[in-house]
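Predicted, not measured: the structure shown is a model, and the values here were computed from it. Quick note on labels: first sequence line is chain A, next is B, and so on, each numbered from 1. Both backbone and side-chain heavy atoms feed into the values below; hydrogens, waters and symmetry mates do not.
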Amino acid sequence: MESRYAPQAVEAHWQAAWDKHQLYHSEPSSQPAYSLVMPPPNVTGVLHMGHVLNNTLQDILARYARLKGYNVCWIPGTDHASIATEAKVVQRLRAQGRDKHTLGREAFLQEAWRWTEEHGGIIVTQLKRLSVSADWKRYRFTLDPPLYRAVIRTFVQLYREGLIYRGKRMIHWDPAALTALSDEEVIYKTHDSQLAYVRYPAESGEALVIATVRPETILADVAVAVNPHDERYAHWIGKRVRVPLTDRWVPVIADEAVDPAFGTGCLKVTPAHDPKDYEIGQRHGLLIIDIFTPTARLSDAAGPYAGLSREEARTRILNDLAAAGLLEKTEPYTHSVGHSERTDAVVEPRLSEQWFVRMQPFAQLALQAVEKGEIRLVPERFLATYRHWLENIKDWCISRQLWWGHRIPAWYAPDGQVFVAETEAEAHAAAQTAGYDPATLTQDPDVLDTWFSSWLWPLSVFDFFEQPDNPDFRTYYPTEVLVTAPEILFFWVARMIMAGYHFAGQKPFSVVYLHGIVRDKLRRKMSKSLGNSPDPIALMDTYGADAVRLGIVMSAPAGNDLLFDEALCEQGKNFCNKLWNSFRLLELWRERATDKAPTPFQEAAYEWFSVRLRALQREIENLLREYRFYEALHTLYRGVWEDFCSWYLEALKPGPPPALLAAVERHAETLLQLLHPFVPHITEELWHGLRKAPEHESVGLLPLPEAAPLQPAETALLESVAYAQEAITKLRGLRQSFGIGGSLRLTVQTSRPAYVSALEGWFRHFLPLESWAVQTEPLQRPALRLVFRQEVYYAEAEGAAEALAALRKKLEAELEHTERFLRTIQAKLQNPHFLAKAAPEVIAREQQKQLDAEARRQHLVEQLEALRM
RNA sequence: GGGCUGUUAGCUCAGUUGGUUUAGAGCGCUGCUUUGACAGAGCAGAGGUCGGAGGUUCGACUCCUCCACAGCCCA
């Protein structure tokens, strides 16, 4: 073995081997199943740190479940990402001087498929580089024929159940992608803008002043509204004002929706371009003037302003208002503006004919499941957000004016009659029956929101819609846990829950683990433009995939956003190296093993670590059961570095004889198993080195039995060894700070000589000791003293005499601390309220503390006395 | 504007139902050690009046209220 661990070749080797032997392929069996579905990344995406986090956590769960003997089925897949992919294809066409519409639907889809094939394999390869132990044989893509059919089938079903409808509604319009968006696809960003105060003249010559951030929509005004309770404007109601820059007269109306506190308390009503205004318009039967084109330029309805962009029109209109003396003032104003999640274009509220899912009935299902505890959110605090969203849910706009995706299975007759059916033939037949000529039918050109296929994911990957009772579905559904980011709790998680209950009558998963967003160490979101988003592949090339996995988990405390720092990968790499070298030491011992019997201390150390390892395993397993990945790793990290390397292996030096070594190697093997979910490659390599197992066997598939609970005697053993280790550390500190080089003659004064004597081996091994004595009486000679717990350690050594003065300072400081502590305890014990109200065992504990502290003070005082001699 | 978190060592975080002796860890920092598994290391050390102000309680990092600051989600 080399003295430095080089991950690259090792990782490549094991990845290939696992793949070749299909270690992670699952078939239904009598073993209990543990299944999970991967949140499918965009098919044409590239791996970023968010994927690394998401998939590492799932991989840890999957590998851990295998150790515990489950039949683990982890379904990987990718998402067609309708709008994102289409945007990229359109962009490429544009670069080639072509465009979607002249190309036509069929040719465009061919382009899109070509794009998908070119870029689709990249992320899969990258996930494998990270060593995602998914069942790649079961890879699914949301446009695969069975999944496509599932989408169509559920659309038809919901339509027939009256849960899908078509209607003219105000939706968010993306003027760049030229499509409708769902509420969830709109991202609000703060904008610094201008609030313009505009005069609307009345016939009387008076004028109403209205504050607006969107003066360009003045041209679409059809009324002015005030709050009915607003006395300032009571006499205006029913009068008419002229819309500035036009000669259109509009009524002043009263509506509760007007906020009297905003601006001047008057609202210009533009039903075509604002959702709130739309509702006011509906209530008052106002007409609708639409002045925008689909690309959000001003249309012919805007007269002289036709052809301008929103921004240009805003500037021009402000100028014209000023010139006409109708602009009272402008003031700076900060507000939130909706942007398209995918194109970042400022969205425009737009009235249009779209398909919607009625969400009310679904919301009930999704809320109940979580509130009744059938599905658990981790961390739990997301329940509040989840509930709030579901209680205020609006219907889901599912049609998109795009081509890449699942095409809406609706056909229209020339008079607008709709026929929804799974196939064109069925639609034609239905039309025929209804007395229409099938030849005149045209299919809806739109496709469905990407999430309309994603919400079926846990069902469709197991072919539920094709064969509801198939063995895969029966075995693997519901899945165990969904690991994802909170930002898609509504987009996706809630809707999967709805779909699970509605279509299959069962939850899709039992636990939702929500991890944070990966940020840089300055808390900034990772983004390409900031250049603060490291390329995971480059990181893996530098540090190794195991180290990157450690790095990302070490930066991930449960539930919070995580601050990723490349230094953590370095730390991960160092940890791998440490682990590597500990196995090198075992190998060295194996080569040099002699037939001598183990020393009593080696046996004692072995006994100790046997218990310590069990305690560690129990701790780690408890933490993993609670999805506390970081803490589980941290426990393991310290267990390896401190307990295993610094104490156990050190204690066994210069090396155990073969029989004991074999037992030590079993300890090492258990450690490898515990580590395997976090660092699969190095553990596999070390295990094969240790066991010389054939390539198709894996430490990750070696059963890991439950660790037995600790008996009281075992807990006491751990406690006493921890005591010895702490005392040894303090004595080493004493030696270091007083510059003592040689070995110590150690005398321990104690009231519990048996307890201390049992630990002699540890002191002898870890401190250079010349002699060791345990007694109940104080030492009468001058010596270095350490007062630790109930004992006094007297250390005599060459050169110690000179250090006595320095020791006095240390003891004095300690005495002061002890006295301060004692005073607080005494105050407590003299407080009659405390004695009257505190529980007896609490009082007893405080009294014991007082006794201990008094004894320690006594020791310290005596030591100081002795030093003055 | 509505809702939800958080504020503990230089940084990132633990701290289980209020009472374990001076509130813990990792990293970083300081000093010593180039000792035979590992300098990608070893050994030790320093460092915090638990955001502020009140309150409840015999007792508060822990419970309550208010304030300040930071962040997230939603409109």
Side-chain angles (χ1 to χ4, degrees), chain A residues 1-5 183-184 186 188 259 261-262 275-276 335-336 338 379 381-389 391-392 394 486-487 489-490 516-517 519 521 523 543 547 554-563 565 567-568 570-589 626 628 630-631 633-635 637-638 641-642 645-646 649-650 653-655 728-737 739 766 789-790 813-814 816-818 820-822 824-825 827-829 831-839 841-843 845-846 848-853 856:
Chain A
M1 285 172 87
E2 297 296 319
S3 74
R4 291 175 172 222
Y5 173 56
D183 295 346
E184 287 70 29
V186 178
Y188 289 86
D259 176 6
F262 181 82
K276 190 166 122 184
H335 65 140
S336 296
R381 63 185 156 85
F382 284 104
L383 176 59
T385 321
Y386 180 80
R387 183 188 294 124
H388 188 258
W389 182 73
E391 283 171 351
N392 297 286
K394 293 198 189 126
E487 53 190 358
L489 187 57
F490 310 133
I517 298 167
R519 298 173 178 272
K521 61 180 168 182
R523 287 195 188 275
Y543 302 100
M554 282 193 283
S555 56
N560 294 330
D561 281 356
L562 52 109
L563 275 43
D565 183 348
L568 292 167
E570 175 99 39
Q571 198 185 331
K573 190 179 98 170
N574 293 350
F575 177 72
C576 290
N577 193 55
K578 181 74 183 177
L579 182 67
W580 178 260
N581 273 288
S582 66
F583 278 75
R584 241 183 101 204
L585 181 60
L586 293 178
E587 192 186 57
L588 205 79
W589 286 347
E626 290 303 311
R628 302 179 74 149
Y630 168 80
E631 279 120 313
L633 172 60
H634 193 246
T635 304
Y637 180 94
R638 297 190 61 204
W641 210 301
E642 287 166 22
C645 293
S646 294
L649 295 184
E650 288 298 331
K653 279 183 179 177
I728 287 163
T729 299
K730 292 213 180 253
L731 286 165
R732 282 168 170 170
L734 206 64
R735 285 174 33 132
Q736 276 196 22
S737 48
F766 285 94
R789 304 280 173 90
Q790 303 169 38
E814 214 177 319
E816 202 188 308
H817 272 300
T818 307
R820 201 189 323 149
F821 174 70
L822 206 48
T824 65
I825 298 229
K828 197 183 271 189
L829 286 169
N831 181 343
H833 299 291
F834 173 72
L835 295 172
K837 297 201 178 177
E841 64 268 24
V842 171
I843 295 174
R845 200 154 48 208
E846 293 299 313
Q848 187 57 47
K849 277 194 221 170
Q850 184 183 25
L851 290 176
D852 290 348
R856 198 166 59 249

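The backbone N or O of Asn577(A) sits less than 3.5 Å from a side-chain atom of Asn581(A), completing a donor-acceptor pair. Within the 3.5 Å criterion, the main-chain N or O of Lys578(A) finds no donor-acceptor partner in the side chain of Trp641(A).
Checking Gln571(A) against Trp589(A), the closest nucleotide of RNA chain B that is more toward the 5' end is the one next to Gln571(A). Comparing Ala567(A) and Leu588(A) along RNA chain B, the residue whose closest nucleotide (by nearest heavy atom) sits nearer the 5' end is Ala567(A).
At a threshold of 4.0 angstrom between heavy atoms, the contacts of Arg638(A) are confined to the sugar-phosphate backbone, with no base atom among them. Contacts of Tyr637(A) with the nucleic acid, taken as non-hydrogen atoms under 4.0 Å apart, involve only primed sugar atoms and P, OP1 or OP2. No contact: Glu391(A) has no heavy atom under 4.0 Å from any strand. Within 4.0 Å (heavy atoms only), Lys276(A) reaches no atom of the nucleic acid at all. Within 4.0 Å of Arg519(A), counting heavy atoms only, lie sugar-phosphate atoms of the nucleic acid but no base atom. Using a 4.0 Å heavy-atom distance criterion, Ser582(A) is classed as a base contact. Across all strands, Gln736(A) comes closer than 4.0 Å to base atoms (heavy-atom distances).
Nearest to the side-chain atoms of Phe490(A) among the listed nucleotides C4(B), C73(B), A25(B) stands C73(B). Looking at the side chain of His388(A), the nearest of the listed nucleotides C13(B), C74(B), A14(B) is C74(B).
Residue Lys653(A) has a polar side-chain atom (N or O) positioned under 4.0 Å from OP1 or OP2 of A37(B). Look at Tyr386(A) and you won't find any side-chain N or O under 4.0 angstrom from OP1 or OP2 of C73(B). Note on Ser646(A): a side-chain N or O is less than 4.0 Å away from OP1 or OP2 of C43(B).
Rounded to the nearest Å, the gap between the P atom of C11(B) and that of G48(B) is 13 Å.
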Show me the protein contacts with nucleotides 39-41 of chain B, counting only N or O atoms at under 3.5 Å.
{"unit_1": "G40(B)", "atom_1": "OP1", "unit_2": "Arg4(A)", "atom_2": "NH2", "d": "2.9"}
{"unit_1": "G40(B)", "atom_1": "O4'", "unit_2": "Asn574(A)", "atom_2": "OD1", "d": "3.1"}
{"unit_1": "G40(B)", "atom_1": "O2'", "unit_2": "Asn577(A)", "atom_2": "ND2", "d": "2.8"}
{"unit_1": "G40(B)", "atom_1": "N7", "unit_2": "Arg4(A)", "atom_2": "NH1", "d": "2.8"}
{"unit_1": "G40(B)", "atom_1": "N2", "unit_2": "Lys573(A)", "atom_2": "O", "d": "3.0"}
{"unit_1": "A41(B)", "atom_1": "O3'", "unit_2": "Lys578(A)", "atom_2": "NZ", "d": "3.3"}

